[in-house]
**Student:** 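Take a look at this one; I'll ask things after.
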Amino acid sequence: MLDTVLFYSFAVLVLGGGILTITRRNAVHSAISLIVSLLGVAGLYLLQAAEFLFAVQIVLYVGGIMVLFLFVIMLVNLDDAAKVREYNRQWIVALVAVAAVGAELGYFFHRGAASFHIAETAAAVPVAVGNTEALADSLFSEYLLPFEIASLVLLVAVVGSVIMAKKRI
Amino acid sequence: MHPVTTVHYLALSAALLLIGTVGVLTRRNIVVILMSIELILNAVNINLIAFSHAWHNVGGQVFAIFVITDAVAEAAVGLGILIALFRNKETVQADEIDLLKW
Amino acid sequence: MNPFSQFFTSTDYLTIIPAVQLALFGCAILLFDAFEDFLFGGPQHRKRLVFGVLAAEVFAGMGLVKQQMHLGPDGLISGFGGSVTVDGFGIFFNWIFIVAAVIVAVVSYKYLEIAGEHHGEYYSLVLFAQSGMYFLATGTDLVTLFIGLELMALCFYVMVGFLRTDKRSNEAAMKYLLLGAFSTGLLVYGFSVMYGLAGSTKLAIIANRLAALPAWDPIVFLAMATTAAGLLFKISAAPFHMWAPDAYEGAPTSVTAYLSVASKAASIAFLVRIFMGPLAASRAAWEPVLAVVAVATLTIGNLAAINQTNIKRLLAYSSISHAGYMLLGLVAGNETGITGIAVYVMVYTFMNLGAFLVLISLRRKNIIGEDLDDIAGLMHKSPGHAVLMLIFLLSLAGIPPTAGFLGKYYIFLALIQTGHYALAVIATLYVAVAIYYYFKIVRSMFAGEETEKAPLATSLGLRLALGATGFFTLAIGIYPEPFLRLAQTSLLR
Amino acid sequence: MNFLDLIWLIPLFPLAGAVLMLLVGKLLDPQPPSDVAVAPGVGQSGACAPHANHAHHHPGPLQNLIRLICPGMVLVSFIFSAGAVWQLAHLPNRLHQVIQFTWIAAMPFHMANGHIATFQVDWGFLLDPLSSVMILVVTGVGFLIHVYATGYMAHDNGFYRFFGYFNLFIFFMLMLVLANNYTLLFVGWEGVGLCSYLLIGFYFHKKSAADAGKKAFIVNRVGDAGFVLGMLLMLSVLGTVRFTDVNAALRSGQFPVEAGYGVLTAMALLMFFGATGKSAQVPLYVWLPDAMEGPTPVSALIHAATMVTAGVYMVARSSALFELTPVAGMWVAGIGAFTAIFAATIALVQNDIKRVLAYSTVSQLGYMFLALGVGAYWVAIFHLFTHAFFKALLFLGSGSVIHAMSGEQDMRYMGALKKKIPVTHWTMWVGSVAIAGIPGLAGFFSKDEILWQAFSSPKGSTVLWLVGIVTAAMTAFYMWRLMNMTFYGQSRVKPEVAAHVHESPAVMTWPLIALAAGSVLGGWLGVPKLWTIFGGAFRLFPRWLAPMFALAGSETEHPASTEWSLMILSVAVAAGGISLAYYLYSKRADIPDRILARFRPLHTVLYNKWYVDEIYDFLFVNGLGKGGGSAMAEFDRTIVDGGVNGAGWLTRTSATLSMWWDTWIVDGAVRFTSFSVKLLSYPACLLESGRVQTYALFMLVGLLAFLGYYVAR
Amino acid sequence: MDQHILSIVLLTPLAGLAVLLFLPASNRGLIRIWANLTSLAGFLISLPLVFRFDKNLAGFQFEEHFDWIPSLGVHYHLGMDGISLLLVMLTTLMGFIATLCSWSAVEDRVKGYYAMFMLLQTGMIGVFISLDFFLFYVFWELVLVPMYFIIGIWGGPRKLYAAIKFFLYTLAGSVLMLLGILTLYFQHYAQFGFYTFEISELMKLNLPLHMQQWVFWAFFLGFAIKVPMFPFHTWLPDAHVEAPTAGSVILAAVLLKMGTYGFLRFSLPLLPGASIDQTIVQILAVLSIIGIVYGALVSLMQQDWKKLVAYSSVSHLGFCTLGIFSLNPNGIAGSVLQQINHGISTGMLFLVIGVIYERRHTREIKEYGGLAHVMPRFATIFAIAMFSSAGLPLLNGFVGEFTILQGAFEANRIWAAFAVTGVIFGAAYLLWLYQRTMLGQITNAKNLGLRDLNLREVALFLPLIAWAIWIGVYPKPYFDVLRQPVTQIVERVRPGYFDAPQQAGWQAKSASDPKTGAPAPLARKVGQSLSPVSPPAAPPAILARNGGVR
């Protein structure tokens with residue numbers, strides 16, 4: 001029951017934050033709303049027994065968003081941003097299309113809920129170790145390779161953003 | 001009240017996905033578009049975590065970590081490019097960058 | 001005994017040798033670049049870094065050879081608990097990447113020097129992107145594939161925007177990144193659903209699980225549709241193609257070449273892995289979807305190319321249409337079709353690279369050299385280039401005895417074999433449309449009058465690369481047997 | 001010397017002459033440098049005189065070589081022919097065939113009855129009584145006309161060219177008559193058409209001449225199409241085109257007349273259609289009068305004596321076929337009779353001396369077909385034979401007149417020439433008497449025989465006879481109108497011409513004399529059966545041809561008195577015509593004008609040749625609204641402006657339509673396709689708006705469509 | 001030598017091309033001489049084919065067979081039968097003449113021009129001697145490119161439009177044809193278990209009728225566009241008008257024959273069921289007849305000299321296709337012969353146009369008139385070309401047309417009746433053209449100073465005229481050469497065609513065994529009651545000098 005209440009609360013946080021993110025005229029407000037939304041997601045992680053990710057989400061991700069936020073401040077003249085049009089010309093079409101996709105997704109989940117029943121009833125493997133430990137186990141054995149690649153990804157991200165952002169290299 | 005099932009999480013994630021999509025499609029400010037993309041990736045993460053929970057394996061969580069990594073990397077590079085763009089064009093409005101067309 | 005031995009055996013290592021080589025050399029180049037003054041006396045000698053790339057490719061190639069020699073009895077080596085599987089398919093595609101990377105590397109320095117953006121990071125990005133591709137071609141785990149894709153994509157975002165002072169380059173990179181990220185979102189959403197259905201990220205397990213579900217299961221379809229949206233974006237299939245012309249046009253031409261060839265090849269490999277792997281069981285559901293996409297891609301690519309006056313953009317549209325042909329191979333989906341894709345990718349590599357190389361030669365100081373007018377009268381100015389370009393264009397159009405014919409031929413073959421007659425007819429008719437715009441270039445080259453007299457840019461690397469692409473474009477067409485055998489090794493087991 | 005086995009050489013002599021002339025003739029007969037015809041108003045200076053087309057130049061000494069070679073070749077042919085015919089007479093079956101090689105050696109085919117036969121055509125020659133008559137006529141008369149032409153053409157440019165064509169014509173004509181099968185006959189058939197084209201258009205700087213040549217060729221082609229189809233039908237039914245085989249098949253009794261084989265009738269009519277083209281019968285006669293644009297020797301040789309009779313020869317050659325198809329025979333007779341009287345009416349009022357003769361020729365050819373139609377094949381050939389003499393004579397005579405008159409052809413500007421050109425006069429007098437049908441001269445014998453056969457043959461009828469006799473009267477009248485207007489009465493010669501009137505040189509008059517002799521004597525080879533006193537020798541002609549026409553001569557029995565009276569009637573009619581002409585044109589020259597005034601509409605119609613050319617123009621040539629003119633000049637203009645002369649108004653309209661169709665519909669469809677592809681390429685481009693979010697929207701729409709596909713499935 | 005003679009013939013132009021590439025582009029004289037030498041060598045080298053060809057052998061001769069792409073079942077398989085022989089000889093001769101006629105016509109980019117011709121030559125020869133469908137297709141497409149350039153670079157004012165139209169049109173057809181080829185390929189695999197493009201192998205297929213029909217239409221598109229048959233002909237006038245003279249000559253003389261050759265070599269033998277299908281035959285015959293009449297009618301209306309001749313090609317090729325789809329020996333043999341004839345006569349007509357174009361640079365008919373006065377030699381040669389084209393007996397056109405008409409008549413009398421009108425129109429438009437340009441008075445001062453043909457130009461025509469007369473007077477060798485292949489095709493399409501009872505009687509003396517061409521025993525089946533014609537009681541004595549026909 002508590003789960004349910006918490007789920008819905010977080011859901012409101014997530015969706016509300018999301019909606020605010022995309023509707024706030026001021027980009028800084030958007031960023032703050034995004035943080036709210038991300039926090040909601042973090043809450044959901046907690047609900048789903050993904051404690052490590054919860055931590056990662058808050059520490060890393062939200063921190064990362066702060067970076068974004070700073071960039072925004074660095075880049076955009078807020079006064080100017082407040083004056084220009086917020087949405088582009090195609091927003092109605094876009095909304096209709098998104099609504100249609102939403103309806104279709106609803107249809108799919110409605111029709112296909114059964115496909116997940118197997119997942120629901122999967123034999124519960126007792127969690128012998130803590131979440132973080134299990135994650136680490138998995139990450140460094142089964143997912144060792146992606147982990148290594150991820151390091152390259154981050155390297156490229158660093159190099160790339162430096163190349164792009166620096167005036168002279 | 002129904003118990004919260006995986007499908008609930010899916011619905012939530014789908015809703016977030018759509019919100020992010022709306023953001024990508026309608027907002028003019030590229031920074032906000034990047035934020036919307038973060039929303040989309042978070043929707044994916046909700047999915048992954050929910051499935052991970054349902055399947056009682058951590059594969060989904062690990063996947064989510066990589067998605068987060070990717071989100072960060074993309075954001076970094078995206079902002080880098082944005083800076084380069086801003087330096088040349090003095091704008092961050094998505095529909096004002098249309099030098100290349102047709 | 002090494003404590004890591006259970007996670008990182010020599011077999012595991014064997015499966016990733018080339019990627020490791022590439023990544024290490026990439027890092028090394030970064031370092032060398034950082035100390036260039038100290039190491040080789042200044043930025044003017046930066047082009048020596050090309051040798052770093054070449055060395056990396058040599059090692060990567062040796063790695064591939066080693067892998068080839070150690071293929072198991074079932075024709076594959078699996079490593080990292082099934083995260084990566086080296087098989088003929090992967091090796092074949094990696095050779096393509098090597099070819100593309102070598103050619104791009106040796107022709108880039110001149111171009112970048114002229115453009116004033118010759119930096120060492122470029123070469124490491126080429127290598128990092130290639131190691132991403134490596135995992136696209138060999139990955140058998142959703143996570144590996146995903147992260148490999150991102151590695152490649154990120155490198156390309158940066159490379160597309162490499163001309164940082166050029167508005168068009170900025171814009172191209174920005175667009176590519178925004179759309180790329182969006183498509184990644186869709187793709188990974190599909191992956192998450194797939195994971196949800198199977199409870200695992202290993203393709204083999206997913207395949208087993210999905211095979212148990214009905215072909216028309218809605219959630220499978222959902223997973224397929226979102227995954228497809230992401231993947232089709234990468235190969236620039238309609239209606240996910242729209243980034244391509246802009247990105248191709250804005251990017252440095254050498255990057256465009258790399259992007260249009262290697263990135264597309266890697267993505268198509270990825271696509272084949274997913275659709276012929278986990279999604280194979282629901283072929284009935286996706287075949288018509290992909291068929292429509294393929295036709296739409298052909299249509300958009302060919303039609304839009306007709307009006308172009310910018311050769312680069314024209315070639316961009318043409319490469320969209322080529323994606324359509326490759327997709328048709330997947331639609332046919334039998335052995336011939338897969339071989340056809342492999343053959344197509346192979347010939348496409350040479351001919352498309354070749355065409356872009358000619359464009360690179362046209363880029364001179366103060367001359368962008370991308371417009372139809374810029375190539376006008378090329379026959380007078382440089383008959384060699386003109387004839388080579390003609391060969392590439394003929395090949396792109398699929399006129400025998402050039403390589404391109406063989407690629408198209410295989411696709412038609414597969415379509416006919418699987419009874420897709422209507423698709424075959426459509427595909428063939430678009431050959432005629434394609435001729436029309438390719439010959440706009442030919443016409444300009446041979447019948448037009450020169451607009452300027454400046455000699456073409458040239459360098460040793462460019463000459464060698466042009467020669468090699470020209471040679472292979474003709475050789476595959478005239479004596480295709482060894483190349484076909486090579487492509488046939490790529491059959492998925 | 002075995003001439004019989006050398007008959008294949010007969011055509012080759014003139015061919016050799018032709019080849020020689022056309023290849024090296026120019027060396028023998030150098031052309032004057034200013035031999036360029038330039039339209040008025042064009043040209044750089046006075047250096048090119050506008051009257052260059054009439055420039056007389058004085059021949060070089062080598063020209064005499066041509067005079068020797070070309071007629072000489074024909075003479076050699078004549079000698080070989082005569083030798084061969086002489087030897088043929090000694091063969092029991094009077095048939096000799098030389099097959100040199102297989103010409104068209106094509107493949108087997110299925111005949112109409114499902115049997116397999118091989119389509120092959122010999123390069124072979126057949127000498128039998130029929131072809132022997134023809135080769136003698138062709139080489140004999142041809143030689144005389146050659147000789148005449150050496151004089152007549154002496155001052156023309158392109159002397160060598162003329163003789164080259166002339167010899168070539170003889171070659172083809174000999175091929176035509178010597179061929180042993182229809183297809184080889186067709187070679188000659190087309191070949192003479194070609195030479196006719198070349199020779200009519202000899203003065204090719206004259207547009208009217210070039211037009212006439214083209215008209216002749218194309219009208220002939222129309223007939224040829226029928227001939228070709230007839231041949232194909234023959235192959236299909238009989239499996240062969242070789243005369244001997246065809247005749248043997250047809251006479252084998254497999255196709256009894258009673259059974260009424262429609263296919264044979266079709267075959268015969270198709271052949272006959274071909275003949276109407278070549279032999280200038282209704283409806284395809286229109287080219288012949290125009291063909292008079294050619295030099296006069298050409299008119300004499302080709303358009304009177306030989307080529308135009310090819311149709312007669314061909315039908316006679318196919319007698320076995322026509323025997324089996326009474327319906328076809330009826331058509332032949334009917335068309336022949338109609339043509340005879342029709343052309344005669346036109347000839348009554350023409351003023352151009354050559355045109356009178358041209359219509360006369362058409363009329364006489366009508367007689368021949370009349371004879372063929374009623375089954376009197378030998379008579380047709382007989383008339384062909386006699387006609388060759390007197391009509392060639394008349395043409396050459398008229399040529400001599402024209403020569404004397406410095407090119408004047410209009411009889412209204414002649415008169416009283418008898419004294420000035422006596423030889424011409426006397427020879428033409430003989431010819432005119434002969435054609436009029438006065439006993440003792442050639443024309444009488446053949447024409448009277450035709451009339452008699454038309455009356456008495458089982459296929460004949462009183463109507464046909466009546467038409468024939470009326471035509472005979474007209475013939476006598478218009479010929480003597482010609483004689484009177486030309487040689488007698490008051491001189492109307494223009495003064496500037498009158499000074500130069502002179503008799504032609506001997507080289508021209510001697511052939512006239514020779515032909516006149518032929519016109520007198522030729523008829524005596526076939527005197528009427530009634531004239532028993534002359535005995536068999538004087539019926540050599542029917543006897544000679546008898547083996548050819550198995551059923552010929554089987555006329556129904558009539559009392560001799562009937563025949564005598566008819567004969568006397570025809571002579572009377574002829575005499576009447578001559579007298580009337582004398583009275584009207586020599587004695588009371590004012591009457592014709594009054595008659596003309598009285599019957600102006602009729603005269604106009606006749607003068608304008610029943611407006612057939614105009615009707616054809618109206619129908620086939622786009623002379624719409626221009627054809628009504630009454631003056632010759634206007635008529636010419638009609639043709640000139642007609643453009644597709646002889647090809648036709650319908651043709652032209654349909655060609656225009658086709659062209660329109662091709663441009664706008666067929667090619668239009670192509671261009672529309674490419675246009676629409678190009679058009680469609682704009683939306684494809686415009687999708688690329690450059691706005692990144694539009695791109696994203698399209699991606700979403702793509703996804704939407706994917707999912708929608710599942711939903712809507 | 002004999003084993004590789006076809007390869008040698010095929011590769012001679014390529015060898016010439018290889019050398020040409022190393023000649024300096026500035027030295028035009030050298031390039032011209034070399035190009036002419038090469039094309040002459042190409043012709044001379046092909047001559048032994050004629051002498052070594054054994055007309056009595058069934059099947060293919062001079063065969064060469066190597067694996068080319070074993071994994072696809074593609075072979076380098078060359079071979080020649082009578083049809084190929086004639087067309088190859090036409091190609092090599094016309095190639096030489098076309099090269100020679102460009103001597104002074106082309107001043108611009110001479111090297112490229114000749115290079116294109118050599119490439120074209122190889123492609124065309126290859127088409128006619130390939131016995132592997134894949135190889136055939138490669139050559140088929142190879143031809144397009146040089147032709148595109150010849151039209152597109154050295155052509156007239158609208159050359160680019162014409163060139164791309166030519167290319168697109170023929171390419172569209174041929175790629176569809178490729179689909180047909182692939183269908184056969186897979187059907188063969190399905191039936192025999194291995195992949196091959198060998199024609200001889202594909203002939204063993206046993207296809208259901210509906211599939212044959214589909215494949216037939218696919219082939220049809222490829223071939224009909226090339227021929228071109230109505231309504232696919234519109235590329236032809238444009239291409240001809242814009243092409244340089246030599247291009248027109250080759251295009252008309254050889255390239256179009258690739259289409260008819262395709263019908264003969266592939267459509268009929270590979271798809272006998274569809275080829276005999278009444279609907280298909282009717283459609284094709286009607287299209288052919290429309291082509292004959294329509295092409296002639298449109299010719300009548302042309303104001304452009306070259307366009308007129310181009311449309312006349314549509315008409316003539318209509319005869320060729322009509323002959324083919326008469327589906328009997330005479331139709332087919334006549335068709336092949338007519339293809340050669342058309343090559344000769346239309347080639348000459350285009351050369352004629354080229355000569356005058358070189359002097360006056362216009363092809364408007366009304367610019368001319370009375371040329372015979374200033375150019376008598378030219379006028380003579382034009383006349384011969386014209387009459388050859390109009391089908392005058394003793395020139396080549398007649399034999400072909402007549403044989404075709406015979407075949408058509410056998411198939412359907414109505415066809416022949418319509419087709420024969422083409423003969424009339426043929427004379428009409430050609431004579432009219434001749435009259436408007438050659439005869440009459442000179443109406444344009446510019447024409448006064450035209451010079452007559454020089455020796456080189458006369459030399460262009462002489463071999464063609466000689467050939468025209470040869471075929472016109474003694475076509476037997478051609479029919480002899482064609483007998484075997486045509487018999488095979490007919491046997492294939494209409495099995496038992498030759499088993500019909502032999503017509504007895506009149507022809508007995510000259511009848512020969514249809515299959516072997518050898519004299520048959522005097523098969524006199526006396527008393528066949530079914531036959532309306534029975535042997536004569538006593539055939540007329542024939543004193544044939546040579547004792548009948550061998």
Side-chain angles (χ1 to χ4, degrees), chain A residues 3-4 7 11 14-15 18-19 21-22 27 30-31 34 37-38 41 44-45 48-50 52-53 56 60-61 64 68 71-72 75-76 81 84-88 90-91 94-95 98 101-102 105 109 113 116 119-120 122 124-125 134-135 138-139 143 146 150 153-154 157 160-162 164-165, chain B residues 1 3-12 14-16 18-23 25-29 31-32 34-36 38-39 42 45-46 49-59 61-62 64-66 68-70 72-73 75-77 79-84 86 92-95:
Chain A
D3 276 5
T4 312
F7 171 78
V14 168
L15 297 182
I19 290 169
T21 309
I22 63 166
S30 288
L34 179 61
S37 183
L38 294 184
V41 174
L44 289 175
Y45 291 168
Q48 296 285 319
F52 180 72
L53 268 176
V56 169
L60 233 165
Y61 213 154
L68 263 179
F71 269 126
V72 174
L75 270 173
V76 191
V84 295
R85 248 174 344 101
E86 189 180 357
Y87 299 104
N88 58 20
Q90 65 173 13
W91 66 272
L95 273 184
V98 170
V101 172
L105 283 177
F109 290 132
F116 295 111
E120 296 286 332
V125 179
L135 209 56
S138 182
L139 197 56
Y143 294 102
V153 169
L154 291 174
S161 51
V162 168
M164 285 294 118
Chain B
M1 210 178 258
V4 178
T5 62
T6 311
V7 177
H8 285 83
Y9 281 92
L10 289 185
L12 177 63
L16 192 57
L18 295 179
I19 290 169
T21 308
V22 171
L25 292 183
T26 58
R27 284 303 299 259
R28 296 179 70 221
N29 192 323
V31 180
V32 181
L34 287 170
M35 293 180 193
S36 304
E38 300 299 330
L39 288 179
N42 272 282
N45 278 350
I46 295 174
I49 303 299
F51 287 132
S52 171
H53 184 68
W55 282 98
H56 300 292
N57 73 22
V58 290
Q61 296 185 27
V62 178
I65 292 177
F66 288 113
I68 292 172
T69 315
D70 172 59
V72 171
V77 173
L79 287 165
I81 294 172
L82 186 61
I83 289 171
F86 188 75
V92 289
Q93 307 296 335
D95 53 1

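Letters A, B, ... are given to chains in the order of the sequence lines, protein chains preceding strands, and every chain is numbered from 1.
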**Student:** Mind running salt bridge (Lys or Arg N to Asp or Glu O under 4.0 Å) on A:Glu86 and B:Arg28 for me, showing each step along the way?
**Tutor:** CA-CA 6 Å; A:Glu86 189 180 357; B:Arg28 296 179 70 221; over 6 Å; no
**Student:** Just give me the residue among A:Gly160, A:Ala150, A:Ser138, A:Ser30 that pairs up with chain B most often, heavy atom to heavy atom, under 4.5 Å.
**Tutor:**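 When all of A:Gly160, A:Ala150, A:Ser138, A:Ser30 are compared, A:Ser30 has the most.
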**Student:** Name the member of A:Ala165, A:Ala157, A:Ala49 that forms the most heavy-atom pairs with chain B at distances under 4.5 Å.
**Tutor:**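 Maximum pair count with chain B is reached by A:Ala165.
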**Student:** Please classify the contact of A:Val56 with chain B as side chain, backbone, both or neither, using a heavy-atom distance under 4.5 Å.
**Tutor:** side chain
**Student:** Select one option (side chain, backbone, both, neither) describing which atoms of B:Val32 are under 4.5 Å from chain A's heavy atoms.
**Tutor:**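 The side chain, not the backbone.
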**Student:** Let's test your reading of the structure: which of A:Trp91, A:Phe52, A:Tyr87 forms the most heavy-atom pairs below 4.5 Å with chain B?
**Tutor:** A:Tyr87
**Student:** Taking A:Val14's backbone N and O only, do any of them form a donor-acceptor pair with A:Ser37's side chain (distance below 3.5 Å, no angle check)?
**Tutor:**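 Here the side-chain-to-backbone pair exists.
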**Student:** Using non-hydrogen atoms and a 4.5 Å limit, figure out which bit of B:Asn45 sits close to chain A: side chain, backbone, both or neither.
**Tutor:** both
**Student:** Heavy-atom pairs under 4.5 Å with chain B - which of A:Leu154, A:Val101, A:Leu44 has more of them than the others?
**Tutor:** A:Leu44
**Student:** Evaluate side-chain contact (heavy atoms from CB on, under 4.5 Å) for A:Leu139 paired with B:Val58, printing each intermediate quantity in order.
**Tutor:** CA-CA 9 Å; A:Leu139 197 56; B:Val58 290; over 6 Å; no
**Student:** Go through it in stages, so that I can follow the logic: the residues are B:Phe66 and A:Val153, the test is side-chain contact (heavy atoms from CB on, under 4.5 Å), and I'd like the CA-CA distance, side-chain angles, deciding distance and then a yes or no.
**Tutor:** CA-CA 10 Å; B:Phe66 288 113; A:Val153 169; over 6 Å; no
**Student:** How long is the gap from CG on A:Asn88 to CG on B:Asn29, to the nearest 0.5 Å?
**Tutor:**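 Separation between the atoms: 12.0 Å.
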